[in-house]
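Here is the structure we will look at, set down as structure tokens.
When reading the values below, keep in mind they use all heavy atoms of this one structure, side chains included, and skip hydrogens, waters and symmetry mates. Each chain gets a letter, A, B and so on, in the order the sequences are listed, and its residues count up from 1.
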Amino acid sequence: MLKRVTDWLEDRTGFDSVREFLKHKTVPIHSATVWYYFGGITLFLFVIQVLTGMLLLLYYRPTPGEAFESVQFIVTQVQFGWLVRSIHSWSANLMVLSALIHMFSVFFLKAYRQPRELTWLSGMVLLFLALMFGFSGYLLPWNTLAFFATKVGTDMAGVIPGVGHFVLRFLRGGEEVTGATLTRFFGFHVAVLPGLTTVLLLFHLALVQKWGMSSHQPPGTTVPTMPFFPNFVLRELVGWYGALAVLGSLAALFPWELGTKADPFAAAPRGIHPEWYFLAVFYTLKLIPSKILVFDGEVVGILVFGLGALGWMLMPFWDRRSGGEERHRLLTGLGVFVIAYLVVFSALGYWR
Amino acid sequence: MPNTEPTTGRRGLIRALLRTGFGASLVSFLYPAMKFMMPPPVAESAANQVSAGRADLKPNSARLFRFGSKPALLVRTPAGEMRAFSAVCTHLNCTVQYNDQSHQIWCACHNGQFDLNGKVVAGPPPRPLEQFTVHVQGEEVIVAKG
């Protein structure tokens, strides 16, 4: 009976070819194999985001009069509400962290080089989308920190020469951060960004399948491999359980705070700072003087950040070597410098 | 049969029609969608002056009040003089507050500091705070632009 069902399904779907494909797919084994797991861990955390986000949607209300109260209701009245919200927030942060580790590992292993330029580019856009998820989701509880973070963040977009004001009005739904902004950010967070991310994620994964893992070994070397299924998948599963253990512990031991309800006519509170992944930019903007030559300091700062991110994103077009084996001391040094800058300035932004 | 597509004649015409048709459809979908995304302009508060509440503010203190759609700050200096400013920091749009220790106006977001004339004394703000004129009418403080 079971055989007849599987045959019937096989006739109509041809899934056997997928099984065949998985049988022959292999993953290289070498000293840096461990870094391969972070892409999968990022994907795992994204799935957790989608699932917990769907649960939160059952109670959340995206209006200034009800947003804060609905989140308060979730964390105080709904059974396991505090846990679901805490997992959603912690997993968002861990996802960004895991995506950053994934990005830097690809960078240092030179795995972005030809023919994987589009894998790198789509990955960078996915990271940008993840940051936008973070930025839009941060406002949704409509608390004081979120309100001012959104004011500052959208104002930064507003200083882009030429299109700044257009972008600012598009993001805010008007000139100021109001209920219109909250409704928009909710729409971005639960519809626009998930849609874009899903399409791009499929593209990214399809490219990873097409080119396989970059082995980071000199040409001519025979690289030992392991079968993708079950060997690599089971190892990856251990990584997922590890991520789940970290996530569960953080969510249970340090439940995400709600803060106080946003008041658009109150002063920015003392010690205000954004999410950790924007801290380095935040602290740098604090240090930049009001005028650099004849230009406003913040405009120069934001433009330099924008151009830096663009340059980083276009890395495979600067470094046009092919294959991951050839070293490039200058680029490796640049990567170390970027990490050092991010770590030091984030720490200073948090504590000073 | 050669696999070249004719660019003239009936096939060429049909292809041109299809392309312009798709193009025009795309524009006719995208244009209203783009326009829809941009919020309609909301009329700025026409009021050139507002009430900033009662005149019972103690010296060396301040309070925030609404001026149209934006926050504003009414300060009573240690010498007892009333002054009012836009409370929107000129750096990145945060809302400023009065610091009664340093007798300055301070923005918690990026540590911008202004004196009691609205002038930048430290930090990243590029411009001074807009200052309003203050009239005390009986018990009430009236703040006006310009």
Interatomic distance, CZ@A:Arg270 vs CG@B:Asn99, rounded to 0.5 Å, equals 6.0 Å

Checklist entry - Would you say the side-chain atoms of A:Arg169 pair up with the backbone N or O of B:Pro39, donor to acceptor, closer than 3.5 Å? => result yes

Bottom line for A:Phe166: the part with an atom under 4.5 Å from chain B's heavy atoms is both

Correct closest heavy-atom pair for B:Thr95 and A:Lys151 would be OG1-NZ, 3.9 Å

Ranking B:Thr90, B:Leu64, B:Val88 by heavy-atom pairs under 4.5 Å to chain A gives rank one to B:Leu64

Listed by number, the residues in residues 178-187 of chain A that come under 4.5 Å of chain B (heavy atom to heavy atom) are A:Arg184

dist B:Cys89:SG -> A:Phe148:CZ (nearest 0.5 Å) comes out at 11.0 Å

TODO: State, with a plain yes or no, whether a side-chain heavy atom of B:Pro124 is found less than 4.5 Å away from one of A:Ile288.
DONE: no

If one checks every heavy atom of A:Phe147 against chain B at 4.5 Å, the contacting part turns out to be neither

Interatomic distance, NZ@A:Lys286 vs CG@B:Leu92, rounded to 0.5 Å, equals 12.5 Å

Interface check, chain B: of A:Val299, A:Val152, A:Val159, most non-hydrogen pairs under 4.5 Å belong to A:Val152

Those residues at least two apart in sequence (or on a different chain) that pass salt bridge (charged side-chain N to carboxylate O under 4.0 Å, His left out) with A:Glu66 are A:Arg61

The reported gap from CG in B:Asn111 to CG in A:Leu285 (rounded to nearest 0.5 angstrom) is 13.5 Å

Closest non-hydrogen contact found for A:Ala268 with B:Ala108 is O-CB, 3.5 Å

Heavy atoms of other groups near B:Met38 CE, more than 12 under 6.0 Å: yes

When the 4.5 angstrom heavy-atom criterion is applied to A:Pro274 and chain B, the contacting part is neither

Rounded to the nearest 0.5 angstrom, the CE-CG distance for B:Met37 and A:Leu171 is 12.0 Å

All heavy atoms of A:Ser290 vs all of B:Pro126, minimum pair found to be CB-CA, 3.7 Å

Open item on the list: Within a 6.0 Å radius of atom NZ on A:Lys210, are there more than 12 heavy atoms belonging to other residues, nucleotides or ligands?
Closed with: no

Listed by number, the residues in residues 257-265 of chain A that come under 4.5 Å of chain B (heavy atom to heavy atom) are A:Pro264, A:Phe265

Of the listed B:Ala122, B:Cys109, B:Cys94, the one with the largest count of heavy-atom pairs under 4.5 Å with chain A is B:Cys109

- Task: For A:Tyr341, look at atom OH and say whether over 12 heavy atoms of other residues, nucleotides or ligands are found less than 6.0 Å away.
- Result: yes

In short, side-chain hydrogen bond (donor to acceptor under 3.5 Å, both in side chains) pairs touching residues 118-130 of chain B with sequence neighbours left out are A:Asp296-B:Arg127

